[in-house]
Amino acid sequence: MSDASLAPIALLAALPVLVALWKQGPCLQQGWGGTEPFWRFCYSDLAVGVQTADAERGITAYLSGDVPLDQPPLTGSVVSLIAGLAPGEGPLATQRWVLGVWAVLAVAALVLLAWWVRTMPGHRGDALQVAVAPVAGLTILLSPDLLGVVLATGGLWAWSRRHPALAGALLGAGLMARTYPALLLLVVAAHAWRTGRERELPRFGGAALATVAVIALPFLILSPGTLTRSWSAWFDAPAGLGSVWYLPTLAGSPWPASVLTTLAVLGILVAVVLAGLLVLGTPWAPRIAAVALVAVAVVLVSGKSFPVQTSLWLVPLVALAGLRWRDHLVWALAEAVHFMAVWLYLSGLQNPDKSLPPGWYAVALLLRVGAVGYLGVRAGQTATAFPETGDEAHDDLADDLRSSI
């Protein structure tokens, strides 16, 4: 793919966002209250969180701890900043404003992600897998996760371009926007040792710590509880939708939060060990994005909760890991099935006439977890394959998509 082909890809990046806006249509008209958003498939944590937390009070109120957004500090700051600039009056006007602004930012983010995928040395993947990702169309307006995804992917790109300080700063900021960049920090550190770049680690780690400190400082001064709210709540949280640990809840026998926390921590440890083995135990240095995909996939399928929107984390990693469109679409199909199932299941909790039986939701949940596990296996195979194999792996569908533009 030539660099000139990025121009049509930039136009194509609007398609997933337009699909997401179309899905949000009923809620944009009538609001996000009640059970209607579930069976109309337009529920959005981003919109609901803005209303329930009174985010229209703005970033000053958020930094002071008066806007209880259930988001990591950097994400909460950005959302409250956007909400505070809303020109209309009333919660619905603010929600519409936030969704509209986020849609514009999402198009720009997808273009940037596609460019990073195309220009990452040694990891040049198919930019179309980001620009027209079906999972992006399902999830990009559900939550503000996109901020963390952009920062984390930018960190990997900066590291591959030999800008360790920029990489550390982006991943440090990503950690304050989402949790999974912590895994990427460890993967990059291991990759540095494997590739003889350990002298760059002080700049990388120092920039990450400095960025975290700069973002955290206003919260430490004004509202320390806001800084750790979303993370501390995780320890006592029950099993959430999408997680395999939610299956006992479906069966009427939920497991204690302490047990779930232990299992989730074990999953994180397994992810770190697998990443270390892939980076340090293979005959050649693997693709860093493939290793990152393995680690993130393990954490997602073993976590206490696996909500729909977190699948957005995987979109750029799938492209950067060099996986084929066939693998991508198998995963996307499972995501689409689960997407419909989870909202029908939730609507049925209050309206049995529009319900999906728990057993069928369990099937959709397992299908999705299996698909993400499949991505992890394929990424592991790519990471351990001879380097040229991963870089040249393209199937007929990818060629057809490229030729169509």
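Excluded from the calculations below are hydrogen atoms, water molecules and symmetry mates; all remaining heavy atoms, backbone and side chain alike, are included.
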So, the side chain of [X] versus the backbone of [Y]: is there a donor-acceptor pair under 3.5 Å, distance only?
{"X": "Ser223", "Y": "Phe219", "result": "no"}
{"X": "Lys304", "Y": "Ala264", "result": "no"}
{"X": "Tyr180", "Y": "Ala295", "result": "no"}
{"X": "Ser232", "Y": "Arg229", "result": "yes"}
{"X": "Ser44", "Y": "Leu141", "result": "yes"}
{"X": "Thr195", "Y": "His191", "result": "yes"}
{"X": "Trp331", "Y": "Leu314", "result": "no"}
{"X": "Thr261", "Y": "Ala257", "result": "yes"}
{"X": "Arg194", "Y": "Val279", "result": "yes"}
{"X": "Thr262", "Y": "Ser258", "result": "yes"}

Walk me through whether Leu227 and Met176 qualify under side-chain contact (heavy atoms from CB on, under 4.5 Å).
CA-CA 9 Å; Leu227 183 64; Met176 301 300 281; 3.7 Å; yes

Residue that, paired with Gln309, satisfies side-chain contact (heavy atoms from CB on, under 4.5 Å) out of Leu146, Ile140, Leu138, Leu142
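Going through the options one by one, the only one that passes is Leu142.
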
Which heavy atom in [X] sits nearest to a heavy atom in [Y], and how many Å separate them?
{"X": "Pro134", "Y": "His328", "answer": "CD-NE2, 3.7 Å"}
{"X": "Ala341", "Y": "Ala364", "answer": "CB-CB, 3.5 Å"}
{"X": "Ala53", "Y": "Val67", "answer": "O-CG1, 3.3 Å"}
{"X": "Ala239", "Y": "Thr249", "answer": "CB-OG1, 4.3 Å"}
{"X": "Ala290", "Y": "Ala321", "answer": "CA-CB, 3.7 Å"}
{"X": "Ala173", "Y": "Ile215", "answer": "CA-CD1, 4.0 Å"}

Between [Y] and [X], is there a side-chain donor-acceptor contact under 3.5 Å, judged purely by atom types and distance?
{"X": "Trp157", "Y": "Thr119", "answer": "yes"}
{"X": "Gln129", "Y": "Arg324", "answer": "no"}
{"X": "Asp145", "Y": "Ser143", "answer": "yes"}

State, yes or no, whether a side-chain contact exists between [X] and [Y] at a heavy-atom distance under 4.5 Å.
{"X": "Trp116", "Y": "Pro316", "result": "no"}
{"X": "Gln71", "Y": "Ser230", "result": "no"}
{"X": "Val78", "Y": "Trp102", "result": "yes"}
{"X": "Trp245", "Y": "Val259", "result": "no"}
{"X": "Val315", "Y": "Leu110", "result": "no"}
{"X": "Lys23", "Y": "Cys42", "result": "no"}
{"X": "Leu317", "Y": "Leu156", "result": "yes"}
{"X": "Val372", "Y": "Phe306", "result": "yes"}

Taking CH2 in Trp193 as the centre, count heavy atoms belonging to other residues, nucleotides or ligands within less than 6.0 Å. Is the count above 12?
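Check fails, neighbour count at 12 or below.
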
Is it the case that Arg57 places NZ or CZ above or below the six-membered ring of Tyr62, under 6.0 angstrom from the centre and within 45 degrees of the axis?
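No cation-pi geometry.
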
Using 0.5 Å steps for rounding, measure from the [atom1] atom of [X] to the [atom2] atom of [Y].
{"X": "Thr226", "Y": "Asp66", "atom1": "OG1", "atom2": "CG", "value": "8.0 Å"}
{"X": "Leu170", "Y": "Leu151", "atom1": "CG", "atom2": "CG", "value": "6.0 Å"}
{"X": "Leu320", "Y": "Thr153", "atom1": "CG", "atom2": "OG1", "value": "6.5 Å"}
{"X": "Tyr374", "Y": "Leu323", "atom1": "OH", "atom2": "CG", "value": "8.0 Å"}
{"X": "Leu280", "Y": "Leu278", "atom1": "CG", "atom2": "CG", "value": "9.5 Å"}
{"X": "Tyr361", "Y": "Leu247", "atom1": "OH", "atom2": "CG", "value": "8.5 Å"}

Residues Arg287, Val291; criterion side-chain contact (heavy atoms from CB on, under 4.5 Å); working and verdict
CA-CA 7 Å; Arg287 284 188 173 204; Val291 178; over 6 Å; no

Would Gln29 and Arg96 count as a side-chain hydrogen bond (donor to acceptor under 3.5 Å, both in side chains) if you check the C-alpha gap in whole Å, the side-chain angles of each, and the deciding distance to 0.1 Å?
CA-CA 9 Å; Gln29 292 179 354; Arg96 289 170 175 168; over 6 Å; no

Start with the C-alpha distance between Leu266 and Ser302, add both sets of side-chain angles, then the distance that settles side-chain contact (heavy atoms from CB on, under 4.5 Å), and finish with yes or no.
CA-CA 8 Å; Leu266 288 175; Ser302 62; over 6 Å; no

Would Arg197 and Glu200 count as a salt bridge (charged side-chain N to carboxylate O under 4.0 Å, His left out) if you check the C-alpha gap in whole Å, the side-chain angles of each, and the deciding distance to 0.1 Å?
CA-CA 6 Å; Arg197 297 175 61 184; Glu200 300 176 25; 2.7 Å; yes

Does the ring-ring contact (aromatic ring centres under 6.0 Å, His included) test come out yes or no for Trp39 and Trp343, once each step is laid out?
CA-CA 6 Å; Trp39 67 271; Trp343 305 129; over 10 Å; no

Set out, in order, the CA-CA distance, both residues' side-chain angles and the distance that settles side-chain contact (heavy atoms from CB on, under 4.5 Å) for Val299 and Leu183, then state yes or no.
CA-CA 9 Å; Val299 169; Leu183 288 172; 3.4 Å; yes

Are the ring centres of Tyr43 and Trp32 closer than 6.0 Å?
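So the answer is no for these two rings.
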
So Glu335 and Ser311, side-chain hydrogen bond (donor to acceptor under 3.5 Å, both in side chains) or not? Walk me through it.
CA-CA 8 Å; Glu335 291 285 351; Ser311 292; 2.6 Å; yes

